[in-house]
Amino acid sequence: MFETTDELLRQIRLGEDSALELKSLDYKGPRISGPHRDSMADELAAMANTASGVFVLGVDDKSGSMVGIPEEKLDAVETWIRDVCNDLITPALVCRIRKVPVTTDDSIERIILRVDVPRSLYVHKSPGGYFHRIGSSKREMAPDVLARLFQQRSQTRIIRFDEQAVPIAPQDCLEKRLWERFKTPLSPSDDEEFLLKLRLLIQDEDGKIHPSVSGLLMASEQPDEFITNAFIQAVAYRGTERNAAYQLDAKDIVGPLDVQIAEAYRFVEKNMKVYALKEPARRDLPQYAMQAVFEALVNAVAHRDYSIQSSKVRLHMFSDRLELFSPGTIPNTMTIESLPLRQAARNELLTSLLARCSMPFENFPGNRKCLMDKRGEGVPIILSESEKLSGRLPKYRLIDDSELMLTLFAARPPGAC
């Protein structure tokens, strides 16, 4: 949209519409005094809730004249916009901000600020409520309109979130070496056609092509650059409490999901204790059944709800237990009690891609060749292997109907009561 400055200036001359908002700014000393922060947040959220658009700061919305922004205030204005997007809009809005020099009719160069607002994956709430854009103005959404928008944006899970396009991500952020592993002899030879058929790329309603959520999670080096919650927070503590003073090791594990699974697995291997038994030959007794740990990690990243923007997978190790938190409630009609018995995938595209990734470990227990098991054996393995080693059945718990917590209990040291 408005790919060149000339296109943008031509549209500014025509005035505001559903995809263009013009704003002049007022200043009081070093601060921006107008427009009001809350009003600006409402306008930005309305645009993101409706369609992709552009805000231009430094242009009078009545006359279309280029007022410009003083050069010494540019950084302050940019910070002001970012603070509005991060602090006053829920979930936070990700925009692209650019400083654009323009020459006015009187041959004076002025600087305007261009804010590109993508059609969001989420439904955004601002200080005034939930707004959408009709023509050049914002309107509060009626309950039925809001309900339909939540459905369209997948937050009621009617449309699968993992197949949604991510408008802020460029198409070339998908790495060929990462997506080529999903090719088969029957795959189209044309790269774009293949990626569209596999739904790693999605064509939006405007005909533009963007990476999908699953495409970013499986075929980009840094999915968390565009899906900020797409990583694993791993922490190991010395004792039984969640206390920074007793922290032994910590790591934010990023990258494609198969890399995250492998790195989180190695984090547990590195930080758990391994006891030695002599009966009569030496035998190692690890704190955790690593086959169960692996299945738990795969399930956590494959079945979590990626539409919950502020939450990530959390892996916390203690001296007596391992806790794994996965954002999102249990999908469909499943319950905690039915987890070992039933199978339901929140992210069908994502799970199918993981099922096609080869195992990153050699000599792994069992006969697994791929990361994801599609037969529903993951939870039974977690329960049986952990109980066999520790003598205690792992516990699943749903927290506030928004996060699934799994506790794996550590094996007791030899000789412990």
Side-chain angles (χ1 to χ4, degrees), residues 154-158 160-162 213-214 217 229-230 232-234 257-258 260-262 264-265 268 272 287-308 311-318 320-355 357 359 364-368 370-411:
S154 300
Q155 292 181 341
T156 58
R157 301 177 185 88
I158 291 175
R160 295 193 181 277
F161 188 82
D162 63 329
V213 171
S214 289
L217 292 173
N229 56 8
I232 299 174
Q233 178 198 72
L257 291 191
D258 54 314
Q260 291 188 32
I261 291 167
Y265 181 93
V268 176
M272 73 174 179
Q287 271 189 309
Y288 301 103
M290 292 307 293
Q291 190 176 1
V293 170
F294 173 79
E295 298 290 352
L297 290 168
V298 171
N299 283 352
V301 301
H303 299 305
R304 62 152 294 182
D305 190 342
Y306 286 94
S307 74
I308 302 176
S311 298
K312 61 267 183 186
V313 172
R314 292 179 291 145
L315 167 65
H316 292 178
M317 296 179 66
F318 303 89
D320 62 342
R321 69 194 187 282
L322 180 154
E323 294 178 348
L324 189 60
F325 299 84
S326 181
T329 189
I330 302 173
N332 299 329
T333 57
M334 294 183 70
T335 64
I336 293 290
E337 291 72 27
S338 67
L339 280 175
L341 307 172
R342 293 184 53 207
Q343 188 178 18
R346 172 182 282 113
N347 306 308
E348 287 192 352
L349 175 56
L350 199 55
T351 55
S352 71
L353 294 171
L354 285 167
C357 290
M359 284 289 291
F364 187 78
N367 297 314
R368 290 285 290 278
C370 297
L371 273 178
M372 188 95 196
D373 166 55
K374 298 280 283 185
R375 295 171 297 182
E377 296 176 354
V379 174
I381 288 173
I382 292 167
L383 298 177
S384 62
E385 292 298 315
S386 293
E387 186 178 25
K388 192 188 305 180
L389 181 69
S390 69
R392 298 182 66 183
L393 193 67
K395 285 186 180 178
Y396 281 99
R397 183 157 66 97
L398 197 56
I399 302 172
D400 295 334
D401 203 32
S402 63
E403 192 171 43
L404 184 64
M405 174 186 175
L406 168 64
T407 303
L408 301 180
F409 296 99

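In this chain, residues are counted from 1 in sequence order. Scope of the values below: all heavy atoms of this structure, side chains included, with no hydrogens, waters or symmetry mates.
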(message) Nearest 0.5 Å, please: how far is CG in L371 from CD in E295?
(response) 10.0 Å
(request) Find out whether N229 and P327 are in side-chain contact, i.e. whether some heavy atom of one side chain is under 4.5 Å from a heavy atom of the other. (result) no
(request) Give the minimum heavy-atom separation between P394 and E387, together with the two atoms involved. (result) CD-N, 4.3 Å
(message) Nearest 0.5 angstrom please: L217 CG to D162 CG, how far?
(response) 8.5 Å
(message) Contact between I399 and F325 at the side-chain level, heavy atoms closer than 4.5 Å - yes or no?
(response) yes
(message) Working to the nearest 0.5 angstrom, can you tell me the gap between L324 CG and M405 CE?
(response) 9.5 Å
(message) Could you check whether any side-chain N or O of S386 sits under 3.5 Å from a backbone N or O of L383, counting only pairs where one atom can act as donor and the other as acceptor?
(response) no
(message) Is the positively charged end of R321 above the ring of F409, judged by distance under 6.0 angstrom from the centroid and angle within 45° of the axis?
(response) no
(request) Would you mind reporting whether H303 and T351 have side-chain heavy atoms less than 4.5 Å apart? (result) yes
(request) Would you confirm whether S311, through its side chain, and I308, through its main-chain N or O, come within 3.5 Å as a donor-acceptor pair? (result) no
(message) Using every non-hydrogen atom in the two residues, find where E385 and A289 come nearest and quote the distance to one decimal.
(response) O-CB, 3.6 Å
(request) Mind running side chain to side chain donor-acceptor pair (under 3.5 Å) on S307 and D305 for me, showing each step along the way? (result) CA-CA 5 Å; S307 74; D305 190 342; 2.6 Å; yes
(request) Drop me the distance from Y306's OH to L350's CG, to the nearest 0.5 angstrom. (result) 5.5 Å
(request) Run the numbers on Q233 and V313 for side chain to side chain contact (heavy atoms under 4.5 Å, CB included), then give the verdict. (result) CA-CA 6 Å; Q233 178 198 72; V313 172; over 6 Å; no
(message) Quick check: closest heavy atoms across L398 and G328, and the distance to 0.1 Å?
(response) CD1-O, 4.4 Å
(message) Could you tell me if the side chain of F161 sits less than 4.5 Å from the side chain of R346, heavy atoms only?
(response) no
(request) Please say which of R304, R314, K312, E403 ends up in a side-chain contact (heavy atoms from CB on, under 4.5 Å) with S326. (result) R304
(request) For the residue pair S214 and N347, establish whether any side-chain heavy-atom pair is separated by less than 4.5 Å. (result) no
(message) How close do Y288 and F318 get, counting heavy atoms only, and between which atoms?
(response) OH-O, 3.6 Å
(message) Does any part of the side chain of T329, heavy atoms only, come nearer than 4.5 Å to the side chain of L404, both counted from C-beta?
(response) no
(request) Output the distance between atom CD1 (I382) and atom OH (Y396), rounded to the nearest 0.5 Å. (result) 3.5 Å
(request) Identify the heavy atoms of A264 and L315 that sit nearest to each other, and give their distance. (result) O-CD2, 4.0 Å
(request) Locate the shortest heavy-atom distance separating Q287 from M272; write the atom from each residue and the value. (result) OE1-CA, 3.4 Å
(request) Test side chain to side chain contact (heavy atoms under 4.5 Å, CB included) on F294 and M359 and set out the steps. (result) CA-CA 11 Å; F294 173 79; M359 284 289 291; 3.5 Å; yes
(request) Kindly compute the distance separating CD (Q291) from CG (L389), expressed to the nearest 0.5 Å. (result) 12.0 Å
